[in-house]
Amino acid sequence: MAKLCVNIDHVATLRQARGEEEPDPIAAARLVEKAGAHGITVHLREDRRHIQDRDVLTLRKIVKTKLNLEMAATDEMVKIALKIKPDQVTLVPEKRRELTTEGGLSVKASPARIEKAVDRLQAKGIPVSLFIEPDPETIALSARLGAAFIEIHTGRYSRASKAKGPFLRQGFGGQAVNKEFLAIVAGAKLAHSLGLQVHAGHGLTYQNTAPVAALSEIEDLNIGHNIVARAVMVGLEQAVKEMLAIMKMARKVKCFK
Ligand code: PXP
């Protein structure tokens, strides 16, 4: 099955909303790992709106699976990553006013800047993933820049699946969903053929994750908001276990090759 890395930013969002100590993302990371997830993902944003530097430092000490640090390709962030040494860095685009990461990294617009960050991090043994749209040219360029992984942005697929209504009940077949899903399939296959390891994420839910998790080229899924939202209702361990069960079943059923 694909591996599940849980993005715990929104635990910190809730903490920051009141300026209190709780809920604690460190305790959340422990529960996520106890539930069987394969990694912890956090985004240290330039404006520090949720995850703080001290969180990443502590996570580095306590995470037993994999710590994936999402960050912008800036000098400040590269310096922090080189100091903290996460198991993986995912370079993401960042706009101050956005609600969440909108769109993929514009690798074509600034390849030199991205390549510099990739080189500096990978030279110190930190493999880098580029969070990109499933666009063939961007995938090919990411391979040429030497990144170890790409993370395919599933946001367009996710939006299409939500617009269509409850996904599983309506079946797989809405035109917009199919188009976006097939772009992910083609992107994953192309990236894999170019020697890139393939991850995916953004906007994935309990309803729309299975088809993506079924793709054999995809090694990791990064899922945050929907798991934390469900955790409010059923608890974090249960929420993680439910997503893991969906991902396991998706590969077993092999609905997409
Ligand atoms: N992958 C990346 C690169 C992201 O920036 C995010 C959002 O922080 C996610 C995955 C997770 O997205 P969501 O919270 O919608 O599951």
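In each ligand, atom 1 is the first atom listed, and ligand 1 is the first ligand listed. Reckoned from all heavy atoms, side chains included, excluding hydrogens, waters and symmetry mates.
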For V92, the ligand 1 atoms with a heavy-atom partner under 4.0 Å come out as 3 (C)
Using distance alone, with no hydrogens and no angle criterion, decide if N7 and T41 have a side-chain donor and acceptor under 3.5 Å apart. no
Number the atoms of ligand 1 from 1 as they appear, then name those within less than 4.0 Å of a heavy atom of H225, with their elements. 13 (P), 14 (O), 16 (O)
Ignoring hydrogens and angles, state whether a donor on the side chain of T65 or E33 is under 3.5 Å from an acceptor on the partner side chain. yes
For the pair H10 and H225, name the ring-plane relationship: parallel under 30°, tilted 30 to 60°, perpendicular over 60°. perpendicular
Answer with side chain, backbone, both or neither: which part of N222 has a heavy atom less than 4.0 angstrom from an atom of ligand 1? both
Any idea which atoms of ligand 1 are less than 4.0 Å away from a heavy-atom of I223? 16 (O)
Could you see which bit of H153 sits under 4.0 Å from ligand 1, with heavy atoms only: side chain, backbone, both or neither? neither
So for ligand 1, is G224 a polar contact partner (N or O within less than 3.5 Å, distance only)? yes
May I ask you to check whether T90 has an N/O atom sitting below 3.5 Å from an N/O atom of ligand 1? no
Near G203 (heavy-atom distance under 4.0 Å), the atoms of ligand 1 are 12 (O), 13 (P), 15 (O), 16 (O)
Between atom CD1 of I132 and atom CD of E137, what is the distance when rounded to the nearest 0.5 Å? 11.5 Å
Contact between F149 and L130 at the side-chain level, heavy atoms closer than 4.5 Å - yes or no? no
Atom NE2 of H50 and atom CG of L44: how far apart are they, to the nearest 0.5 Å? 9.0 Å
Report yes if some N/O of E70 lies less than 3.5 Å from some N/O of ligand 1; otherwise report no. yes
Considering H202, H43, E151, which one's heavy-atom position lies nearest to atom 1 (N) of ligand 1? E151
Approximate separation, where rounding is to 0.5 Å, of L221 CG and L244 CG: 10.0 Å
